[in-house]
Amino acid sequence: MINFSFIWKWIKKKEVSSLVQAARDSFLRYIVAISPIAEGDIFLKNNIGVKRTMPGVAGITPKDFDNLLGVVSDKKYDVDDIISIKNLR
């Protein structure tokens, strides 16, 4: 058996440079409406998707895509509107 705890002590943690972090922040992806969504509609795979957005705009990250499925919207969304947490039931 390999003692992984011994190996992990010698592996250096990966650090992200400020330039890389800035690039990541400027190309963030968020969940958006890919078809019109009316107030009270349920989020489904055919009406939401993931797209890059403008810098400074925030929404729900792609890692929460599956958690958003089946949730009811509290507002109307047009195509490419960013889905935000405050508009969910």
Side-chain angles (χ1 to χ4, degrees):
M1 297 249 341
I2 299 173
N3 184 352
F4 287 105
S5 61
F6 177 76
I7 294 172
W8 287 116
K9 290 179 185 178
W10 297 102
I11 296 176
K12 185 176 181 178
K13 285 190 176 184
K14 189 174 184 180
E15 294 182 18
V16 177
S17 72
S18 59
L19 290 174
V20 170
Q21 188 60 47
R24 286 181 182 173
D25 291 342
S26 65
F27 294 108
L28 287 178
R29 296 169 190 239
Y30 292 110
I31 299 174
V32 299
I34 58 172
S35 66
I37 301 172
E39 182 178 340
D41 280 356
I42 297 172
F43 293 114
L44 305 168
K45 286 184 179 181
N46 64 352
N47 64 7
I48 60 173
V50 176
K51 291 187 178 181
R52 287 187 178 154
T53 60
M54 297 300 294
V57 179
I60 301 173
T61 59
K63 69 179 182 178
D64 292 319
F65 187 89
D66 289 335
N67 297 332
L68 188 59
L69 297 175
V71 174
V72 178
S73 172
D74 271 354
K75 85 170 225 183
K76 176 184 173 266
Y77 289 97
D78 292 322
V79 176
D80 291 336
D81 284 350
I82 298 171
I83 310 297
S84 72
I85 293 174
K86 63 184 174 187
N87 298 318
L88 305 177
R89 286 190 216 166

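If you read the sequence from its start, that first residue is 1, and numbering goes on from there.
Note that the CG atom of Asn47 and the CG atom of Leu69 stand 8.5 Å from one another [nearest 0.5 Å]. Here the CD1-OG1 distance, from Ile31 to Thr61, works out to 6.5 Å after rounding to the nearest 0.5 Å. Separating the CG atom in Leu68 from the CD1 atom in Ile42 is a distance of 11.5 Å, to the nearest 0.5 Å. Interatomic distance, Ile83 CD1 to Ile60 CD1, rounded to the nearest 0.5 Å: 7.0 Å. Within the model, atoms CD1 of Ile48 and OH of Tyr77 stand 10.5 Å from one another, a figure rounded to the nearest 0.5 Å. To the nearest 0.5 Å, the span separating NZ on Lys76 from CG on Asp41 amounts to 11.0 Å.
Across Ser73 and Phe43, no two heavy atoms sit closer than the pair CB-CZ, 3.6 Å. In terms of heavy atoms, Pro62 sits closest to Val50 at CG-CG1, 3.5 Å.
Criterion: ILVMFWY side-chain heavy atoms under 4.5 Å apart, direct or through other members. Under it, Ile34 and Val79 are not part of a common hydrophobic cluster.
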Pair Arg52, Arg29 - check side chain to side chain contact (heavy atoms under 4.5 Å, CB included), show working.
CA-CA 4 Å; Arg52 287 187 178 154; Arg29 296 169 190 239; 2.9 Å; yes
